Amino acid sequence: MERLHTRVLLQWSAGALVTAVVLAAVAGVVASLDPVPVPVSPLAVAGVAFGIVFVLGVAYAVLRYRSWRYEVRADTLYIERGVLTRVETVVPYVRVQHVDSQRGPLERLLGLGTVVVYTAGSRGADVSIPGVAAERATALQERLRDLAIESEPTDAV
Amino acid sequence: MRLHPLTVVYRIGRRAVSLGWGVVVGFAGASSIPFVDARLVVAALAVALLALVGYEVARYRRFTYALAGTTLELRSGVLSRREREIPIERVQNVDVSRSVGQRLLGLATVRVETAGGGSTEALLECVSAAAADDLQTDLRRLKRAAARGDADAEDATGGSGDARPGGEAGAADGVATTGGELDATAGATDEAEVVFDLGRRRLVLASALSFDVRLLSVVFVAQPVVQPLLAPLVGDLAGVTTVVALVVAVLTAVALWVASAARTFARYYGFRLVRAGDDLRYERGLSRRYTGTIPLEKLQTLAVEETALERAFGYASLSVVTAGSVGSNTGGGSAAAVPLATRGDVLALARDLEPFADAAMERPPTRARRRYAVRYALGVGVLLALTTAVNALVTPLPYAWAPALLLVLAPVAAHLKWRNVGVALTDDHAVVQRGFWTRRTRVVPHDRVQTVAVSATLFQRRRELASVAIDTAGGDAVALDCDAERASAIRSRVAERAVDAVGARRDGNDSH
């Protein structure tokens, strides 16, 4: 069982930061409009909102990181994840259509990548592994591609 | 080959009908604006009509199609010209539809679809009905020949007909009428057998049973709202309004039921399912005839559906889910194979298409039933809180406490839901069931499985339950609320069987 790279925590925390800033701004503006008289200053409201949302976001990122596991097995790719809803997915290599590796700007900065496995199933690109170290992502993509070719299906559907 | 000459008449007629409103508006406008002479309007309309006729004639003259060996060639376009070649082996579906107008003129529209993209690759509007049937048959024949790499298409057709297992007709006997009823065009060009004929009696029955009982509840829930509205109309003698409201409710229910029945009747009028080699072909429709093919080699899952009403009378319907652009009318997704037949007949036909073994359904553990009961009770609680809040804060409601009575129903509803959830595994298939109002039983062959996922929400984990989603190219089948360990076992087993089954099929194909 492999785990994600710890730097993914930074990536997800950055997401939480953005959300917290936006929500804090909204809370501050609503408080400054003053529809109901609040005894505290809008800045304090914004600060508290930011604190709560950011702490929750980081906590969620930690839990999410701890829930993530994946394994490249003999015939299948196995993935386990989810904080509130736990999901364990099995993808037989015979069903793999193609494998992508994606790297967003933030991921590039952190030296991470996301590996996306496509099947013909109705859930489409449901199977993606985020927070994989860049060189590992490339290796994983190549390995999965080789495994998919090895077990070549005659008919993808 | 060209389209049918009457195409010009049909298309101008259709355009004229849709433009008819514009004509009316034009005249009304002309009479109200003093500067514009009515004669000018007539002249403009005449020019427009002439232009339309000219365009349609030119379109007809430019449009040619040809079935040349391995491709379907189309040339079309009045101003910008287009030539298109469609490799026949890529053709997925050939659909023929006939509207009322087309049937009067003896025409039909043919749509040829390939797997790529959601749009129709070739649209022949219109050819004669006979030519449409011929084209459909020829395309299928050539496609099969192309798939075999066989030069002689005629031989290929004969071969596939002989190769069909003899037991098939016998197995489907309960629902089949013999091939003798086939009309001349289909019978002469292809060996097809009617697998299912809906017939008058079953059509009427299917229409009558198509009603969703849940709609009734809406009618009766709406009654407290209707009653005060009626009061000023009928006078407020004690009891009169209640009676009138009841009558209105019953009449509305009947009207809804008739409307639903009429819709089903028009949809499935003259439904017939024909099997030709590896394809199922259906015909249906009252005002507009639909003909479509269901390619069996693309079969993903079979779905047996029974509404509560149908279950009570021992009836069911069957649909075949194929791969392809899900959501389009015929290009993929779900196509009804049998709108209504007795449960036994439906299962016999389903087994004929995809032989799956009989297996007893495993119901979820009883703690799942407790979970449903709690869920429904919470729902009732929310409703009660809402009505109480409205009663206290907004406007007085006469029976604000009434939702509390629904609490009695929560355990009953939970039991009914629980009794209709289930999963069964056989050597080659996974069978999954759910739904009380409409019970859907999905049969997934292991060699069609794309991914398997076990998921457990926070609430499911509290009771050690989990759901297994078995995904195919034609939608997923979910086994709800299994015991957590059992869910893992199902996941491993299905994934293992999927790998084996695909391997086995591959080996089988290689040895040919």
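Throughout, protein chains are lettered first and strands after them, A, B, ... in sequence-line order, and every chain is numbered starting at 1. Remember, predicted model here, so these are calculated numbers, not experimental data.
Within the 4.5 Å cutoff, no side-chain heavy atoms of V452(B) are placed close to those of T89(A).
A distance of 9.0 Å separates CD in E496(B) from CG in D75(A), rounded to the nearest 0.5 Å. To the nearest 0.5 Å, atoms CZ (R95(A)) and OG1 (T472(B)) are separated by 9.5 Å.
If you measure heavy-atom distances from S467(B) to chain A, you find no contacts under 4.5 Å at all. For V494(B), no part sits under 4.5 Å from any heavy atom of chain A, backbone or side chain.
Within a 6.0 Å radius of CZ in R439(B), more than 12 heavy atoms belonging to other residues, nucleotides or ligands are found. Atom CZ of R3(A) has more than 12 heavy atoms from other residues, nucleotides or ligands within 6.0 Å. At most 12 non-hydrogen atoms from other residues, nucleotides or ligands lie less than 6.0 angstrom from CZ of R143(A). Environment of CZ in R66(A): sparse, with no more than 12 heavy atoms of neighbouring residues, nucleotides or ligands closer than 6.0 Å. Sparse packing is recorded around CG of L43(A), with 12 or fewer heavy atoms of other residues, nucleotides or ligands lying under 6.0 Å away.
A donor-acceptor distance shorter than 3.5 angstrom exists from the side chain of R461(B) to the backbone of L84(A), with no hydrogens or angles considered. Formation of a donor-acceptor pair under 3.5 Å by the R491(B) side chain with backbone atoms of E88(A) is not found in this model.
Chosen from T457(B), L458(B), V454(B), the residue pairing most often with chain A at heavy-atom distances under 4.5 Å is V454(B).
Across every non-hydrogen atom of P92(A) and Q450(B), the tightest pair is CD-O, 3.1 Å.
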